[in-house]
There are 4 protein chains.
Amino acid sequence: MSFTTGPLEMTERTLRDQARQLVFHQDPAFIEMFDRASHMLQAVYRTRHTVVIMQAEALLGLEAAAACLISPGDVVLNLVSGPYGKWYELYIQKYGGQAIELAVPYNQAIDPDDVRRMLRRHPGIKFLSMVHSDTPCGTVNPVGEIGRIAREFGVVTIMDTVSGLAGEPICPEEDGIDLAVAGPHKFLGGTPGLSLLCVSPAAWDAMERRASPLRGSYLSILDWKDTWLAQRRFPHTPSVGEVYALESCLSQVLEFGLDRYAARHRLIAEACRAGARGMGLQPWPASDAIASSAVTTVHLPAGITEDQLRARLRERYGIMLAPGPAIGAQVFRMSHMAKMAHPAFLTAQLAMVERALADLGAPVRLGQGVGAALDVLGRWEF
Amino acid sequence: MSFTTGPLEMTERTLRDQARQLVFHQDPAFIEMFDRASHMLQAVYRTRHTVVIMQAEALLGLEAAAACLISPGDVVLNLVSGPYGKWYELYIQKYGGQAIELAVPYNQAIDPDDVRRMLRRHPGIKFLSMVHSDTPCGTVNPVGEIGRIAREFGVVTIMDTVSGLAGEPICPEEDGIDLAVAGPHKFLGGTPGLSLLCVSPAAWDAMERRASPLRGSYLSILDWKDTWLAQRRFPHTPSVGEVYALESCLSQVLEFGLDRYAARHRLIAEACRAGARGMGLQPWPASDAIASSAVTTVHLPAGITEDQLRARLRERYGIMLAPGPAIGAQVFRMSHMAKMAHPAFLTAQLAMVERALADLGAPVRLGQGVGAALDVLGRWEF
Amino acid sequence: MSFTTGPLEMTERTLRDQARQLVFHQDPAFIEMFDRASHMLQAVYRTRHTVVIMQAEALLGLEAAAACLISPGDVVLNLVSGPYGKWYELYIQKYGGQAIELAVPYNQAIDPDDVRRMLRRHPGIKFLSMVHSDTPCGTVNPVGEIGRIAREFGVVTIMDTVSGLAGEPICPEEDGIDLAVAGPHKFLGGTPGLSLLCVSPAAWDAMERRASPLRGSYLSILDWKDTWLAQRRFPHTPSVGEVYALESCLSQVLEFGLDRYAARHRLIAEACRAGARGMGLQPWPASDAIASSAVTTVHLPAGITEDQLRARLRERYGIMLAPGPAIGAQVFRMSHMAKMAHPAFLTAQLAMVERALADLGAPVRLGQGVGAALDVLGRWEF
Amino acid sequence: MSFTTGPLEMTERTLRDQARQLVFHQDPAFIEMFDRASHMLQAVYRTRHTVVIMQAEALLGLEAAAACLISPGDVVLNLVSGPYGKWYELYIQKYGGQAIELAVPYNQAIDPDDVRRMLRRHPGIKFLSMVHSDTPCGTVNPVGEIGRIAREFGVVTIMDTVSGLAGEPICPEEDGIDLAVAGPHKFLGGTPGLSLLCVSPAAWDAMERRASPLRGSYLSILDWKDTWLAQRRFPHTPSVGEVYALESCLSQVLEFGLDRYAARHRLIAEACRAGARGMGLQPWPASDAIASSAVTTVHLPAGITEDQLRARLRERYGIMLAPGPAIGAQVFRMSHMAKMAHPAFLTAQLAMVERALADLGAPVRLGQGVGAALDVLGRWEF
């Protein structure tokens, strides 16, 4: 079993839908499916903004946002509460922007009041970049509050919601989110090879008003406006099979219900934290209020390294966890998204972590973690 | 998740192998695959006896054994330690045999000494029928000892090993097993639509020496001798896709190693019993020594019915258990075969049973069952 | 490519539907699917008679019909226009019946007037057995007319419609068909491991009024009445994956439209005969009016054997044809059912036959067969 | 059926291999598979140069070549024999290069002597860009001769071999190919979402010696050198399922044999041209010597537009052709790659084109095209 941060196991339905024979991308049936997937993506983003399905992993979308929006000299407020936030500085700089950083320790979330203070102090700020859910830390930022503040200042926002979309609800229009980028391989439980963008009128405007708008490039979001949005044709050959999988995942999430889907993940995450505490371990986030529904990052017991734990799980029990992140502390990550957001999978994961920790000599009382999680799962109704 | 007594979830490899496009059954590639599957089935039966893959569920094979062997007036010693043993009497009678029953309570196993006594007392006994593992009860009979005794008396044995093959080791030659019938949907983790027969020379002889050997019928085992074994053609169109799945399962079991496969199931079953006891419940079999590696039948807590437990698991948690058997006591069954014979699946099953029992008001201390199972699983090495 | 008489290639949709993970046969979802498949099967049979989906290849259903209906001494009029008709005599005799044969040469169809004459001449006839479409010959009998005559005489009819159902329209109620047996692996394009029965009240009555109705056997149709029809449970474990495939095929046929489906096969068969004639070859049936929509049986050119042709096609071009039947003449068979009933596949098949015949030295003018077929296919509208 | 220029139908084996459950990209099993796929890609490229599997459609790889190699002011000789050649000028200019064009009419191939003349005349030329097989035209350039000339002049070559790899043999080392870019969805018969690069030491050198080598971008080839090639980790999450499909396709091509695979496509293309001529139509390439093995571009009969032909084929017969290219003439394209490079599929395609042309009123004698193709296919031996 694989309890990683994505790609993770697809549901049987997604697997089968993805396994369809390839059709030519200009076949009317494919055009129609792409259109349907686009509309469902809008629904999952809870938006009427246009969406764009770029044809490579989410990192392409994140880079494209910088490449299409930022011109040399533009000042960008970059919010840093984890490694992905820090990384975005590289894109800002690559495309000529000047990054102003607002950072917090990696077990905390950004305080919207600090954002307001920064925007007041630096009236030249044109863009604000932030991470919705910084996967390595298992923490979530209050992106809605931040986005609404940014809008007051006329600042265009870029949001990495790769591990946020479909699990941590937002509403782009109300929340002042101008260019959001997600991936299908986290909460949606799909394949990794697509970037799921949501683009506000302000973001389109910013791209088009640049001195030299980016066109004719794999990094160009405008190319999709000129071809797909305007003419229902593609700027290049799309990944047909990945679109099959995306359409399938989106259908499943919408059939399940967006609010129910988020609530289900929230409960599973709560049960996972209870499970960790039941084993005597502490979650990494400073408070449960900022803990992610996707991933639970947990302090390791003294004397056991993350490599030891993962190796034991993989080699002895066939269980794959994602590597613990480089965040300056001995932590490991349990993941519980999509197919894995289920009591049976969560208790299996906790049980195997208990077993592996005990194998490695940790003073775990077997069953205590699972028991604590089961207690929370008494509220399961999904 | 499905923790039933079969058909149960196939491994991904079996699923994909089964999903191959159909070929015509007279295509040389299919003939070759059928041949390969037959040889692997021999290996799994640990035998050089001939094997026959009849083209319908195991019940066909069991009826075929009676239909092909038993002539009117033949005396058959029928061993009864559970519902399937009792049922065989119907076939014996349908085909004109006279059944002598040797029965024990359904939580016990047949005593070989009793068999010897019966065979001594009734020298006219021609056949002995027995069940290797009576699935409803979760108990195993000492079929090797019994078979060797039968051979002393020149009695031809018929063995239902539907939920025995690949999990409860025997050796037909040494153990005096003349006609064994298994199904691919239990320990092998395959599809249900085939009967897997192992036929000794004595059994062939008994079929052919009958006054009117059964030929030209779907129930005829001899038809397979005349066509497939003699001429590499089929008496009727075989179920191509079921053979794909069978060939895949057999490969997987043989690659894993027969002894290792049995040992793995044995440890999982031991952990399951420990888990049940950890929850304060008692296994149904009179002793652990006769407990099945396939299924663990457990007494329910007072005041909770089997229907309630299964309904709660299915409706609230999406967990399917096989219905508890009609064996005159309030019991339920946990199954742990093939793909499900893994610590992650076993602990998931135990955890969900704990949760559902607690939901129904049983005085379960959450996590205790899983903890007890995890303790046993410290010896996992598969 | 496989142009055999079945099993033949499944459509992609059937393949994917069949590839679903197994569920337990007592799972409510499976019960519901089996029920749905049964209702669709009724629709495809164009009947309100009950249908029974027996769990093994159609030969089981055909034998079951004899086993359940015929009592020792019963007189059965057996119509023989091909090998399958002849074969049924064996079942009649095995179950104690007395067969009266009405035969025609294997390139002709039964004349209903002859049936009437026989029924008049032999007032003791209780059953009439006939083959709807005798696959080896590629001919169709006027089963509707025959059935209506049988009804006049109070004779219960048994019809082998294995390669008739869904391609050669009939209506059991109007046409006096009492017990029909089909398979999913011919016109329906499914897997071979099921028998699809349609049972009239008169047939049920005949089974139940026997001195000793057949129950408790894999051959018992009444077992299905007592369990599935009465209580929505199964007499034994059904072949879950085969039912998936059946449900998928039936859906596809019904969505396509029953009349359209038959018309499409009729046109393809007409084009195939034109193609054969275009190559200078003669169809085997005495007239086009009795030619099957499933299979076109064709005389071979002088000097070329059927083995040579099939071997050349298989080894050089990867094309599989079903072996030519033993009907006393040098013929071969082209098949065009289900997925293969399409102009692209038909022309491919004809082209490859042309090429192979030329390779073997036949005086074929390449392209003439395909051209003649294409001429007919100008009327394609499916 | 789909006879498009890619993505086209995958073989059943590729389909099933692609349908495997996703694993985490850092799972050792995936690392090993990626490594294996890389080695097989080298074998298919017939090279010891390093290969890079970039994670988006081939257009990414083509842009990446320009982005990584070309610095502002660099002079690039761009060879233009079709639309893709012409398009490359845009990338040259986007990354600051100065393009010198050597063009021929779109039904001709580049003359190596002209290349030599241009290189002599413009000693400042640093790079040469060319298209191996310009898919819209169905023509092939003598890239080996051109590459060897370029090497004499110390010019680094960029080659678009998207529809060349595995069908039109070259050898990068001998042929002076420095940076080749292919896609898996043409001759290989895979999914479209990957770029398959082959990078010579000279090309690596040119990338690294730039004033500011491109790093930290989805367009960076050097990122793959720094991560995958140096450390067996990925610069971003790869498209796991697309890699499954690639590994499968490469295995199949290598098992078939590289030379045989190319020869097979060559014969099919020859038969396709014969088929077109048999229908009275003329291939577009100026000579058969420069005709592609992937695609046959053909002049339409007078009075019939390409849209009409494709619409008829798609709507009436379910046959999908790729849209005819904008090359200033009324042409259409037949494609015959990978799975479709088989006599049965080719004759089916030709037959359906004949039928559709006749439907539209063209004076086609039905069967003549197929007959002419069958004549050539007498040499089939694959």
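Side chains are part of it too, since the values below use all heavy atoms of this structure and drop only hydrogens, waters and symmetry mates. Chain A is the first sequence line, chain B the second, and so forth, proteins listed ahead of strands; every chain is numbered from 1.
- Heavy-atom pairs under 4.5 Å with chain C were tallied for B:Gly216, B:Ala64, B:Gly193; the largest tally goes to B:Gly216.
- In terms of heavy-atom pairs under 4.5 Å with chain B, the best-connected choice from C:Leu90, C:Asp27, C:Leu62, C:Leu59 is C:Asp27.
- Within the 4.5 Å cutoff, side-chain heavy atoms of B:Pro28 are placed close to those of C:Arg314.
- Panel note: side chain B:Gln21, backbone C:Met10; a donor-acceptor pair is recorded below 3.5 Å.
- Side-chain contact between C:Gln26 and B:Thr4 is absent, with no heavy atoms from C-beta onward closer than 4.5 Å.
- Contacts from residues 238-246 of chain B to chain C, taken as heavy-atom pairs separated by less than 4.5 Å, involve B:Pro238, B:Ser239, B:Val240, B:Glu242 in sequence order.
- Counting heavy atoms from C-beta outward, C:Pro7 and B:Thr237 have side chains that approach closer than 4.5 Å.
- The side-chain heavy atoms of C:Gln18 and B:Gln18, taken from C-beta on, include a pair separated by under 4.5 Å.
- With a 4.5 Å cut-off on non-hydrogen atoms, C:Arg16 does not touch chain B at all.
- Heavy atoms of C:Ala29 lying under 4.5 Å from chain B belong to its backbone as well as its side chain.
- When heavy atoms are compared at a cutoff of 4.5 Å, B:Ala322 approaches chain C by way of both its backbone and its side chain.
- For the set B:Thr191, B:Leu15, B:Val23, B:Leu219, the count of heavy-atom pairs under 4.5 angstrom toward chain C peaks at B:Leu15.
- For C:Thr14, no part lies near chain B; criterion is any non-hydrogen pair under 4.5 Å.
- Environment of OH in C:Tyr84: sparse, with no more than 12 heavy atoms of neighbouring residues, nucleotides or ligands closer than 6.0 Å.
- Only the backbone of C:Gln55 comes within less than 4.5 Å of a heavy atom of chain B; no side-chain atom from C-beta onward does.
- The closest side-chain heavy-atom distance from C:Pro323 to B:Phe24 is below 4.5 Å.
- Residues B:Leu22 and C:Leu8 are not in side-chain contact: their nearest non-hydrogen atoms beyond the backbone lie 4.5 Å or more apart.
- Between chain B and the options C:Ala19, C:Ala58, C:Pro235, C:Gly6, the largest number of non-hydrogen pairs under 4.5 Å is found for C:Gly6.
- Using a distance-only test at 3.5 Å, with no hydrogens or angles considered, no donor-acceptor pair links the side chain of B:Glu63 to the main chain of C:Ser217.
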